[in-house]
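Predicted, not measured: the structure shown is a model, and the values here were computed from it. Ligands are counted one by one from 1 in listed order, and the atoms in each one are counted from 1 as well.
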Amino acid sequence: MIITIVGGGSTFTAGIVKSIALREKDLGVSEIRLYDVDKERQDKVGVVVDWVLKEDVKTNIKLTLTTNKEEAYREASFIFAQMRVGKYAMREQDEKIPLRHGCVGQETCGCGGLAYGMRTIHPMIDLIDDVEKYAKKDYWILNYSNPAAVVSEACRKLRPHARIINICDMPIAIVDMIAQCLHIDNYKDITYDYFGLNHFGWFTSMEYKGRDILAEMKEYVKKHKILLPEKHIEAIENFRKTENRHANESWIHVWKAVYDMMEMFPEYLPNTYLNYYLLSKESVEHSNANHTRANEVMETREKTLFEGVDHYLKTGEISEKAFYAGAHGDWIADLAVALKNDTKERFLVIVENRGTIPNMPYDAMVEVPAYIGKNGPEVISQNPIPLFYQGLMMQQVNSEKLLVEGCMEQSYEKVLQAFTLNKTVPSASVAKAILDEMIEANKGFWPELK
Ligand code: NAD
Ligand code: G6P
Ligand code: MN
């Protein structure tokens with residue numbers, strides 16, 4: 001059984017491979033293939049991956065590194081996708097261009113997310129076509145590639161029969177954080193309900209062994225004015241780094257924003273990403289247009305990984321801290337286990353609505369709970385959602401749909417409508433100024449707009 005990781009040179013590859021390796025028997029996996037368009041980057045990551053498989057987890061899984069699509073996908077059963085089209089250099093542009101115009105600068109939300117979407121739609125469609133050509137007929141593509149909202153809409157529209165499931169690790173990272181806040185040993189023991197779009201949703205209930213922990217978290221967040229465990233709060237107060245990648249640097253502002261959002265709208269617990277839409281002014285004020293999250297990531301996660309590789313090659317010593325392992329890899333590997341072994345375990349997935357949320361369009365891509373078995377997600381139907389949330393979601397979903405249509409039709413006007421409709425943009429003239437600058441910055445990545 002072959003698993004191919006697309007974006008093999010990602011900073012997350014070693015962690016994902018570790019999660020796969022720890023599930024070697026459940027997955028029946030015999031080979032992992034890494035595929036990337038950047039050979040040099042992937043070869044370096046491959047050094048750590050090889051160590052994870054041979055020395056760390058001690059498996060017999062074969063490792064293949066390739067930049068050849070046929071070699072990558074031939075007879076593969078699972079394809080884990082995590083491509084970052086344009087890499088961190090373009091993420092920097094996605095974040096910095098909108099900020100220069102006074103708008104939210106974020107890789108997946110607002111104009112930055114739309115720009116990243118325009119770069120990623122065609123490479124993701126190419127990926128589906130290549131997989132259809134070479135992989136096993138009952139393949140599954142599990143997609144992390146961002147912006148997942150736009151990518152999933154494009155796949156739905158352009159390749160409706162593709163066996164692809166789009167996922168996000170943020171809700172589970174929030175659940176993990178909540179477990180730590182409440183001293184719950186294993187976040188997997190927490191059950192929850194959730195509705196929304198990708199990076200745009202709300203927890204509506206949360207339970208642990210019969211306890212209403214959503215109510216407990218409302219109290220917790222009120223008291224601490226942040227959704228982070230006390231040990232992280234203490235570390236932040238003492239200017240120490242926390243070990244959690246979601247609780248370092250600019251992420252701290254995001255967890256504080258959860259408090260501000262819940263003070264105003266205490267009904268549900270919001271996904272952290274909603275701060276970019278509900279508190280966009282504050283997000284811009286807090287940002288530094290000359291040094292954004294892309295810079296932080298390059299200076300921390302990426303640097304640590306590649307320095308770790310160099311150190312290992314020189315000395316034969318490797319530190320677990322060189323790469324990130326945990327919930328992110330476990331989430332995608334567990335999803336593959338559920339598909340392979342028909343476990344009917346519950347996951348959050350991004351799927352076509354088809355009536356799941358009765359007052360959202362049939363063809364909106366929504367993020368909702370589903371039971372996962374060998375035939376894919378069996379989605380759990382939801383109650384109609386209150387107007388406030390539905391209105392926010394409609395605005396966002398239409399912005400994303402217009403972007404995908406604009407990309408396919410190469411329509412400047414539709415893409416401008418997508419930017420204008422986005423809640424992070426105050427005026428059509430600002431949308432136009434950002435779009436025009438982004439067209440320049442994305443030459444060679446975006447389809448030409450007419
Ligand atoms: P990264 O830049 O370190 O890795 C991405 C890799 O993708 C690079 O090695 C790059 O060369 C490669 N790539 C670019 N275009 C490609 C193509 N067309 N085909 C194959 N490979 C290609 O980025 P990262 O920070 O490690 O993140 C990887 C991806 O995972 C990003 O898309 C990121 O947004 C996504 N991600 C998603 C979630 C989620 O919740 N859905 C969580 C974490 C990361
Ligand atoms: C969360 C989101 C991902 C996003 C990531 C960015 O995990 O769910 O979609 O890619 O954060 O994290 P970073 O550390 O790269 O800013
Ligand atoms: Mn995500």
Under the side-chain hydrogen bond (donor to acceptor under 3.5 Å, both in side chains) rule, collect the residues that match up with E75, sequence neighbours excluded.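 E75 satisfies side-chain hydrogen bond (donor to acceptor under 3.5 Å, both in side chains) with K136 only.
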Nearest protein heavy-atom contact for [atom]: which residue, which atom, what distance?
atom	result
atom 7 (O) of ligand 2	D169 OD1, 2.5 Å
atom 33 (C) of ligand 1	R84 NH2, 3.6 Å
atom 10 (O) of ligand 2	N146 ND2, 3.0 Å
atom 2 (C) of ligand 2	Y273 OH, 3.1 Å
atom 24 (P) of ligand 1	Y88 OH, 3.4 Å
atom 6 (C) of ligand 2	E107 OE2, 3.3 Å
atom 10 (C) of ligand 1	D36 OD1, 3.5 Å
atom 12 (O) of ligand 2	R245 NH1, 3.2 Å
atom 4 (O) of ligand 1	S10 CA, 3.1 Å
atom 29 (C) of ligand 1	Q82 O, 3.3 Å

With heavy atoms of [X] as the reference, note each atom of ligand 1 found under 4.0 Å away.
X	value
H328	42 (C), 43 (C), 44 (C)
T11	3 (O), 24 (P), 25 (O), 26 (O)
R301	25 (O)
D38	11 (O)
C168	39 (C), 40 (O), 41 (N)
V37	13 (N), 14 (C), 15 (N), 16 (C), 17 (C), 19 (N), 21 (N), 22 (C)
F12	24 (P), 25 (O), 26 (O), 27 (O), 43 (C), 44 (C)

Just to be sure I'm reading this right: ignoring hydrogens, which of [options] gets closest to [atom]? Compare them by their nearest heavy atoms.
atom	options	value
atom 15 (O) of ligand 2	H328, R293, Q82, R301	R301
atom 1 (P) of ligand 1	H122, R41, M170, K87	R41
atom 34 (O) of ligand 1	V297, D169, V85, N146	N146

Do the non-hydrogen side-chain atoms of [X] and [Y] ever get within less than 4.5 Å of each other?
X	Y	answer
V45	F306	yes
Y371	V379	no
D169	F12	no
I20	I332	no
V49	K54	no
C103	I434	yes
I79	Y73	yes

Shortest non-hydrogen contact from [X] toward [Y]:
X	Y	value
G8	D36	N-OD2, 3.3 Å
L228	C181	C-SG, 3.5 Å
A81	I141	CB-CG2, 4.4 Å
Q410	P447	CG-CB, 4.1 Å
A370	P377	CB-CB, 3.8 Å

Under 4.0 Å, heavy atoms only, figure out whether ligand 1 is touched by the backbone of [X], its side chain, both or neither.
X	value
V6	side chain
I167	backbone
Y116	side chain
E302	neither

Can you name the atoms of ligand 2, numbered from 1 with element, that are less than 4.0 Å from a heavy atom of M170? 1 (C), 8 (O)
Could you tell me which atoms of ligand 2, counted from 1 in the order shown, lie closer than 4.0 angstrom to a heavy atom of C168?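 Result: 8 (O).
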Region of [X] that comes within reach of ligand 2 [heavy atoms, distance under 4.0 Å]:
X	answer
Y144	neither
H246	side chain
R91	side chain

So, does S145 sit close enough to ligand 1 that a heavy atom of it is under 4.0 Å from the ligand?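 True for this residue.
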Between F80 and T4, does the side chain to side chain contact (heavy atoms under 4.5 Å, CB included) criterion hold? Intermediate values first, please. CA-CA 6 Å; F80 291 6; T4 303; over 6 Å; no
Would you call the rings of W251 and W255 parallel, tilted or perpendicular if under 30° counts as parallel and over 60° as perpendicular?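 Plane angle between 30° and 60°, so tilted.
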Between the CD atom in E153 and the CD1 atom in I350, the distance rounded to the nearest 0.5 Å is 12.0 Å
Roughly how far, to the nearest 0.5 Å, is the CZ atom of F445 from the CZ atom of R119?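 Reported to 0.5 Å precision, the distance equals 6.5 Å.
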Side-chain donor-acceptor contact under 3.5 Å, T304 with E302: no
Does [X] pair with [Y] as a salt bridge, N-O distance under 4.0 Å?
X	Y	value
K157	D363	no
D260	K225	no
R33	E31	yes

May I have the step-by-step check of side-chain hydrogen bond (donor to acceptor under 3.5 Å, both in side chains) for E296 and H291, ending in yes or no? CA-CA 8 Å; E296 280 177 7; H291 192 266; 4.9 Å; no
Does any N or O atom in T108 lie less than 3.5 angstrom from one in ligand 2, N or O only? no
Please report the number of protein N, O or S atoms that lie less than 2.8 Å from the Mn ion (ligand 3).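 Considering protein N, O and S only, the Mn ion (ligand 3) has 2 within range.
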Determine whether any heavy atom of A173 lies closer than 4.0 Å to an atom of ligand 2.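 No, A173 has no heavy atom closer than 4.0 Å to ligand 2.
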Begin with the C-alpha distance, continue with both residues' side-chain angles, and end with the deciding distance and a verdict on ring pair (Phe, Tyr, Trp, His ring centres under 6.0 Å) for W202 and Y389. CA-CA 9 Å; W202 292 265; Y389 307 95; 4.8 Å; yes
Does ligand 1 come near enough to P123 that some N or O of the ligand is less than 3.5 Å from an N or O of the residue?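 N/O-N/O distance below 3.5 Å does not exist for this pair.
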N/O separation below 3.5 Å, Y144 to ligand 1: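 Yes; the residue has a nitrogen or oxygen that sits under 3.5 Å from a nitrogen or oxygen of the ligand.
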